[in-house]
Every structure is written in structure tokens, then in C-alpha cells.
Amino acid sequence: MLTLTLPDGATRQVEEGTLPRDVVGSIGQRLLRDALAVEIDGQVQDLITPLRKGGSFKVLTSRDPDALDVLRHSGAHILATAVRRLRPDAKIGFGPSIEDGFYYDFEVEEPFTPEDLEKFESEMRKVIAEKYPFVRAEVSQSEARQKFADDPLKLERLSEFREDEIISTYTDGPFIDLCRGPHIPDTSYLKHFKLLHTAGAYWRGDEKRQMLQRIYATAFFNKEDLEAHLHRLEEAKRRDHRVLGHQLDLYSTDQRVGPGLILWHPRGAIIRNEIENYERDLILRHGYELVYTPHIVSEKLFQISGHLENFKENMFGAMDVEGASYRPKPMNCPGHICIFQGHSRSYRDLPIRYAEFGTVYRYERSGVLHGMLRVRGFTQDDAHVFCTPEQVPSEIERLLDLVDEMLKTFGYPYTIELSTMPEKALGSVEQWNQAQDLLSDVMRKRGQEFTIDEGGGAFYGPKLDFKLIDAIGRKWQGPTVQLDFNLPERFDIEYTGADNAPHRPVMLHRVLVGSMERFVGGLIEHYAGAFPVWLAPEQVRVIPIADDFAAAARSVADRLKAIGARVHVDDRSETLNYRIREAETLKVPYMAIVGKREAESDAVALRIRGAGKKQDVMPVADFIETVKTQLTTRALTL
RNA sequence: GCUCGUGUAGCUCAGUUGGCAGAGCACACCCUUGGUAAGGGUGAGGUCACCGGUUCGAUCCCGGUCGCGAGCUCCA
């Protein structure tokens with residue numbers, strides 16, 4: 001007998017092998033109608049998998065987030081059912097639910113076309129209308145091999161089952177799949193879904209294996225959620241930094257320059273420069289010193305640092321300089337270490353914090369390049385802290401403060417991940433554990449929440465990754481802080497302690513924005529191109545209504561320039577409507593319009609970005625104050 | 001790098017079942033001097049990504065190269 005504890009505390013005794021469906025039915029018929037799956041002891045299973053253990057027992061309905069995974073996974077089966085009907089030659093791979101939906105992988109001779117997707121979608125509606133129950137069966141290895149005799153990918157998976165593992169299959173009408181489940185009761189439960197796109201995907205994610213055709217789709221329990229999701233996809237498209245970057249004339253790439261290399265146009269360069277100026281002030285306040293190191297350095301340096309050993313596939317090739325090999329630097333750390341070693345150091349000097357906007361070059365495979373977000377040349381706001389082991393916790397604390405201050409300025413909420421020892425790593429397991437404990441201790445003491453990314457560390461040390469959350473809820477790679485017990489060893493750097501003996505300093509690597517390119521690309525999407533005043537390439541556009549007021553407009557502009565604002569006067573011989581439209585399209589925060597009334601009273605008719613027709617007539621002096629406040633506070637809203 | 005798709009004016013895109021290349025915007029000039037999201041006219045602008053093949057003839061068909069896009073893999 002198994003004991004099930006219901007959410008209200010009541011218990012039920014049932015025999016092992018009882019179907020959850022029967023338990024739910026005995027609780028209530030209404031509940032059975034709504035039930036999609038059950039959760040036993042925290043594990044989700046469907047209504048037709050026999051109970052093998054007792055514990056807490058919860059019925060999942062469409063209100064439970066976990067039930068959405070069940071729905072989507074079943075959606076994948078229904079997709080495969082439809083595909084198999086129309087393309088009997090398709091060999092089935094895997095079809096899991098994923099963060100925003102589900103996919104199914106197929107091996108086919110002829111790849112799928114967008115028209116195929118439409119046909120599959122309408123075929124899915126037929127499968128749904130036919131209301132096939134999902135039927136579970138537990139089978140032996142040899143039975144399974146028979147059922148999937150024509151599906152080599154499934155046979156491969158079957159060969160990996162252990163003797164004692166249960167092999168289960170699920171059938172919905174004509175389609176059978178090797179699957180652990182759980183599933184919804186029948187195909188009619190899937191109502192609101194959409195096939196999105198196809199893409200190639202390696203079998204089992206291995207680039208040495210064959211390429212399958214993947215169909216991506218999404219599904220929700222109700223129409224509103226589906227529509228909201230599709231709307232979010234549209235919204236992401238609308239914010240695409242590649243489109244906005246071009247429209248707003250921020251940056252470009254050029255075939256003649258090469259892929260993955262960014263040309264910053266004047267308007268984009270302003271944004272970057274503002275960020276750099278802000279950050280320079282910030283870090284000088286936080287005790288950093290600025291340094292510069294060369295873009296190409298002798299390969300010998302990367303032999304010492306271990307980059308040639310561990311990072312070679314991401315480094316550009318060597319160039320010959322009078323018989324010696326030089327390489328573009330993929331990271332700034334070795335150079336900073338050389339500066340540290342330029343003097344003998346005392347414990348009294350530490351911590352030493354070197355910062356550089358250092359441009360690095362990394363070879364990235366052509367298929368991964370993406371606008372400003374994934375490039376081959378980028379500038380890191382890089383810094384390295386050299387300190388004693390005892391100083392590490394306080395340095396981490398300082399960094400947490402610094403990061404917090406910076407991310408607030410840009411209006412990003414964030415989460416923190418602690419990434420631990422990867423497979424390919426320098427240094428001992430003990431060193432790694434020590435470092436990881438140290439990082440987590442500091443955060444626990446602060447009450448700072450974080451999650452663990454197992455095996456996600458850099459090859460030279462564990463790291464803290466800050467994940468930014470943008471205006472539409474997407475996560476971005478933000479600041480990282482990495483502990484490094486390895487480079488100090490390799491470079492044999494030391495300082496003299498109070499005991500007059502040499503000691504090994506600890507090294508911290510950290511970036512705040514990470515890559516200027518990626519960060520600005522992300523900001524474009526975060527703000528949807530409508531930058532806060534302090535970052536806006538053009539902050540005020542002054543528009544005289546007619547030529548007669550051009551002089552008055554220029555006077556307004558001059559006074560704004562005097563407080564450091566970026567202002568243009570648009571006195572072109574175009575209609576007022578035309579000029580307003582252009583400024584609005586360029587997302588200029590303020591339009592200051594000057595006509596007869598304003599010129600006579602030294603005022604402007606202010607049109608604020610996003611506020612439409614609404615205008616505010618105010619004295620020029622007041623407007624200047626408004627802009628000044630925006631600039632000094634780095635305000636996020638107008 | 002791999003699978004699929006794609007490349008026509010500065011930009012966004014039509015088009016040619018193989019026969020002198022099209023629009024809108026932007027740009028130049030002229031008219032218009034305007035009160036809150038595109039006033040009107042005229043004009044200039046293209047080796048139809050590049051290389052090769054098929055053909056009397058290729059922007060179009062075929063092959064290759066390069067770029068771009070959706071993904072896979074990888075990452076700041």
C-alpha cells in the first residue's frame with residue numbers, strides 16, 4: 001500500500017500500481033475533468049502512469065506552471081503525429097518542451113519549407129479534433145526495438161537504456177513515440193498553439209553528427225497567453241538593435257571591413273563615449289587606476305598565460321614580426337600583470353586595481369556572429385585587482401556595490417549566478433573549491449541571492465555572472481567577476497609581506513558592461529532606441545516654425561549648448577510637420593519649437609518624446625533647468 | 001563551421017515564364033514660409049553581391065565564393 005498526502009493534509013491509502021486517474025476521480029469528477037497531470041513528491045507524472053511510490057499528491061490543472069510543460073511536450077507528439085502523416089519518410093528524433101514552447105527534430109531527405117509548416121499546423125488541428133487519448137505502455141527492450149525498427153534515432157536511444165530502467169512508449173492514435181512522459185489525457189487538450197519556424201539542429205547537439213530538421217512551436221492553455229507571447233516576439237523584433245541601429249544611424253558593418261567588426265557612427269559613438277565617461281568617473285571613485293596595453297603582443301606572453309593552450313581556437317593567427325610571432329590580444333589580463341610586475345610590490349600597495357577600456361579580438365565562427373551582440377573585435381571595460389588573500393572578501397563586496405550602482409544607472413534589474421569549475425580548467429580542485437566557497441560566503445553574508453551554474457566557470461577560475469533583465473523580461477549577460485588563483489602562479493607574481501617574505505597575490509578579473517558592443521546593442525533593445533537624455537545622441541532639436549524665427553531658435557540652442565547639451569537646430573526649408581516627424585523618428589527626447597509667440601516671450605513650445613501632440617510652453621530658462629536636471633541625475637524617464 | 005533561406009539604387013522593396021532595370025524614401029535644385037508625425041515639381045543615382053558555366057543572349061537557369069538571416073554548436 002502507498003500513502004498519498006493531499007494538499008489539504010488528508011491522506012489516502014492506495015495499492016501500488018493504481019492509476020492517478022482513479023485517485024483523482026475518487027476525489028471528484030469535476031477535478032478529473034480539469035486534471036492534466038499529478039505531482040507526487042514533487043515529481044510530475046501523468047494520469048495513466050501507475051503509482052510506484054507515495055508522498056505528497058497534488059493534481060495539476062491549467063493553472064499550474066508545470067502543467068504547461070506537459071501540454072507542450074504533448075504538443076510535440078501531436079506535431080510529430082501530423083508530420084508523420086504528411087511525410088511518412090520522416091525519422092523521429094527528440095521532441096521536448098523548452099522555455100517558451102516546444103520543438104521536434106526530424107531526419108528527412110527534403111528539408112521542410114514554410115508551406116510545409118502551414119500544412120503541418122492544419123494537420124495538427126485534425127489530430128486534435130480526432131481526440132486521441134495518450135496511451136502509455138511499458139515495454140521490454142526487444143518489444144521496443146520492434147516498434148521502432150524504422151526509426152534509427154530511437155534505436156540509438158534505446159541502446160542506452162540500462163537493464164533496470166523502465167522503457168515506456170506513448171501512443172496517440174497512429175503515432176507512437178519512445179517517451180518517459182508525462183502527457184495530457186488526450187490530444188484535444190491542446191487548443192492554442194502555433195508553429196513558428198524551422199532550423200537545422202545537430203542530432204544530440206553534436207556537430208559531428210547529422211543535421212536534423214527542427215520545427216519550433218509554442219503552446220499555451222489559453223488564447224490570451226498565446227497572443228501575449230506572439231506579441232512579445234513582435235516586440236522583440238521591433239526592438240532589434242540591428243534595425244534600430246541602422247534607423248538611428250548608430251553603427252554599421254561593412255563587407256570590406258569584414259564580418260563581426262563594428263563601425264561606430266557618430267551617433268553611436270556618442271552613446272559609447274557617454275558610457276565610458278560615466279564609467280571612468282565611477283571607477284576612479286571606486287579606487288581604480290587607468291592603464292593602456294597594446295593590441296598586439298608577442299605570442300610568448302600567451303604561452304606564459306596559458307591562452308595558447310586553453311584559448312587558441314578563439315585567437316586570431318600569428319603575424320610574423322622580424323621572426324617573432326605576435327597575436328592580437330584576446331584578453332587584457334596578461335598585459336595588466338606585466339604592469340604589476342614592473343615594480344616590486346609591498347603588501348602596503350595592495351589592493352592594486354588596474355582598469356582599461358581594452359579592445360580585444362577573438363575568432364568566432366562565422367555562423368555565430370550577430371549584429372553588435374556577437375562580434376570578432378570588441379572593447380571590454382576590463383579591470384584586474386591584485387590583492388592579498390585576506391583582502392578578497394572586501395574586494396568582492398566593493399565589486400558588488402560597484403555593480404549595483406552601475407546597473408541602477410541604466411535601469412536594469414539583475415540576478416547573480418555563481419559559475420563553478422568547468423571540465424577544462426587550470427589549477428587544483430582544492431583551489432577551486434576554496435575560491436567558490438569564498439564567493440558564496442560573501443554573498444550569503446550580504447543576504448545576496450544567487451544561483452549556481454555548475455561547470456560554467458572560466459578555465460582559470462570561478463566567476464560571478466550578473467544577468468541583466470531588460471524592459472521586456474529577457475536576460476542578458478552583464479558584469480562578471482572572476483577569481484583567479486592560476487595566472488598569478490603562471491606569471492609568478494608576488495608581493496613582499498609584513499614578514500619580509502614573498503607572497504602570492506590573488507587576482508580578480510572583472511568587467512561591468514563586458515563588451516561595449518554587446519552592451520550598447522543590448523541598451524538599444526532595452527530602451528527600444530529611445531535613450532534617456534544623458535545617453536541620447538541628440539538631446540534637443542530646436543525647430544523654428546518659419547525662417548523669421550531661426551535666430552531665436554539658434555539663441556535657444558546656444559544657451560543649451562552652454563550647459564553641455566547636444567542640440568541641433570532644424571531650420572531647413574521643410575514643413576513643420578515634416579521636421580517634427582523626422583525628430584520623432586530619430587527618437588530625440590525633446591523638440592523645442594519656436595514661433596512668433598515663443599520668440600516674443602523667450603519661451604519654447606516643448607514636445608516631449610512619446611507624448612504625442614501634448615505640448616508644454618515654458619520659458620527657455622525653465623527648459624534649460626529641466627535638461628540640466630536630466631543630465632546631472634542621468635534620469636531614466638523624461 | 002554545419003542545415004535551410006536570402007542578396008536588385010544610400011535605405012525599404014517590386015520585377016523580368018531568359019530579350020534596353022522599377023517604385024517609395026533619402027539626396028540635389030526650384031516653388032512653397034509653415035503652429036505639432038511625410039506640401040509640390042524637376043533631376044541625378046544600378047557591372048541586379050562576386051567568379052565561372054549553359055545560351056544567339058543571363059539580373060533571372062546551373063555551380064562555386066563572399067555577405068546577411070533563422071537555428072545548431074560556441075560565447076563578452
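So you know, we letter chains A, B, ... as the sequences are listed, proteins then strands, and number each from 1.
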A.B. asks: I'd like to know if A:Glu584 reaches the base of B:A38 with its side chain, counting only an N/O donor and acceptor under 3.5 Å.
C.D. replies: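 A donor-acceptor contact between them is absent.
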A.B. asks: Kindly indicate whether the side chain of A:Ser573 and the base of B:U32 share any N or O donor-acceptor pair separated by less than 3.5 Å?
C.D. replies: yes
A.B. asks: Is it the case that the side chain of A:Arg579 and the backbone of A:Asp570 share a donor-acceptor pair, with hydrogens and angles ignored and the cut-off at 3.5 Å?
C.D. replies: yes
A.B. asks: Ring-on-base stacking between A:Phe378 and B:A76, under 5.5 Å between centres and under 30° between planes: is it there?
C.D. replies: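 Check passed, A:Phe378 stacks on base of B:A76.
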A.B. asks: Less than 3.5 Å between a donor and an acceptor, one on the side chain of A:Arg579 and one on the base of B:U36, is that the case here?
C.D. replies: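 No.
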A.B. asks: Counting Watson-Crick and G-U wobble pairs only, both distances under 3.5 Å, name the nucleotide matched with B:U65, or none.
C.D. replies: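 Result: B:A49.
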A.B. asks: Both distances under 3.5 Å, Watson-Crick or G-U wobble: report the partner of B:A37, or none.
C.D. replies: none
A.B. asks: Determine the interatomic distance between C1' on B:C11 and the same-named atom on B:C2; round to the nearest Å.
C.D. replies: 32 Å
A.B. asks: Looking at A:Arg204 and B:C72, is any side-chain donor or acceptor paired with a base atom of the opposite kind under 3.5 Å?
C.D. replies: no
A.B. asks: Is there a donor N/O on one and an acceptor N/O on the other, under 3.5 Å, for the side chain of A:Asp547 and the base of B:U33?
C.D. replies: yes
A.B. asks: Looking only at atom C1', what distance separates B:C62 and B:U73, rounded to whole Å?
C.D. replies: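 Comparing C1' positions in B:C62 and B:U73 gives a spacing of 32 Å.
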A.B. asks: Given the P atoms of B:G18 and B:C56, what is the spacing between them in whole Å?
C.D. replies: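 One P to the other, the span is 16 Å.
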A.B. asks: Test ring pair (Phe, Tyr, Trp, His ring centres under 6.0 Å) on A:His197 and A:Tyr216; report intermediate values, then the result.
C.D. replies: CA-CA 5 Å; A:His197 55 263; A:Tyr216 280 97; 5.0 Å; yes
A.B. asks: What's the gap between B:U12 and B:U65 when it is taken at their C1' atoms, as a whole Å value?
C.D. replies: 27 Å
A.B. asks: Please confirm whether the backbone N or O of A:Leu369 pairs with a side-chain atom of A:Arg374, one donor and one acceptor, at under 3.5 Å?
C.D. replies: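 Judged by distance alone, no pair lies under 3.5 Å.
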A.B. asks: Could you tell me the Watson-Crick or G-U partner of B:G71, where both distances fall under 3.5 Å? Say none if there is no partner.
C.D. replies: B:C2
A.B. asks: Is there, by distance only and without an angle test, a donor paired with an acceptor across the side chain of A:Arg374 and the base of B:C74 below 3.5 Å?
C.D. replies: yes
A.B. asks: Scan A:Tyr103, A:Phe106, A:Trp203 and name whichever one has a ring pair (Phe, Tyr, Trp, His ring centres under 6.0 Å) with A:Phe94.
C.D. replies: A:Trp203
A.B. asks: When only distance counts, do a donor and an acceptor, one from the side chain of A:Arg607 and one from the base of B:A37, lie under 3.5 Å apart?
C.D. replies: yes
A.B. asks: With no hydrogens and no angle check, do the side chains of A:His336 and A:Thr293 hold a donor and an acceptor under 3.5 Å apart?
C.D. replies: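 A:His336 vs A:Thr293: no donor-acceptor pair found between side chains.
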A.B. asks: From CZ of A:Arg365 over to C1' of B:G1, roughly how many Å is that when rounded to an integer?
C.D. replies: 5 Å
A.B. asks: When rounded to the nearest Å, what value does the distance between C1' atoms of B:G24 and B:G71 take?
C.D. replies: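 Between the two C1' atoms, the distance is 33 Å.
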A.B. asks: Between B:G39, B:U3, B:G35, which nucleotide has the shortest distance from any of its atoms to the side chain of A:Met211?
C.D. replies: B:U3
A.B. asks: Compute the ring centroids of A:Phe623 and A:Tyr590, then answer whether they are less than 6.0 Å apart.
C.D. replies: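 A:Phe623 vs A:Tyr590: aromatic centres under 6.0 Å.
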A.B. asks: Please confirm whether any donor atom in the side chain of A:Glu598 sits under 3.5 Å from an acceptor in the base of B:G35, or the reverse.
C.D. replies: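 A donor-acceptor contact between them is present.
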A.B. asks: Could you let me know what B:U17 is paired to, Watson-Crick or G-U wobble, both distances under 3.5 Å, or none if it's on its own?
C.D. replies: none
A.B. asks: Which nucleotide sits closest to the side chain of A:Glu574: B:A70, B:G39, B:A76?
C.D. replies: B:G39
A.B. asks: How far does the P atom of B:U17 sit from the matching atom of B:G22, given to the nearest Å?
C.D. replies: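 It comes out at 14 Å once rounded to the nearest Å.
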A.B. asks: Assign A:Glu313 to base, sugar-phosphate, or nothing according to its heavy-atom contacts below 4.0 angstrom with the strands shown.
C.D. replies: nothing
A.B. asks: Within this structure, what is the NZ-to-P distance between A:Lys475 and B:C75, rounded to whole angstrom?
C.D. replies: 18 Å
A.B. asks: For atom P, what is the distance between B:A70 and B:U33, given to the nearest Å?
C.D. replies: 48 Å
A.B. asks: Checking all strands, does A:Gly205 fall into the base, sugar-phosphate, or nothing category for heavy-atom contacts under 4.0 angstrom?
C.D. replies: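 Since only primed, P, OP1 and OP2 atoms lie under 4.0 Å of A:Gly205, the category is sugar-phosphate.
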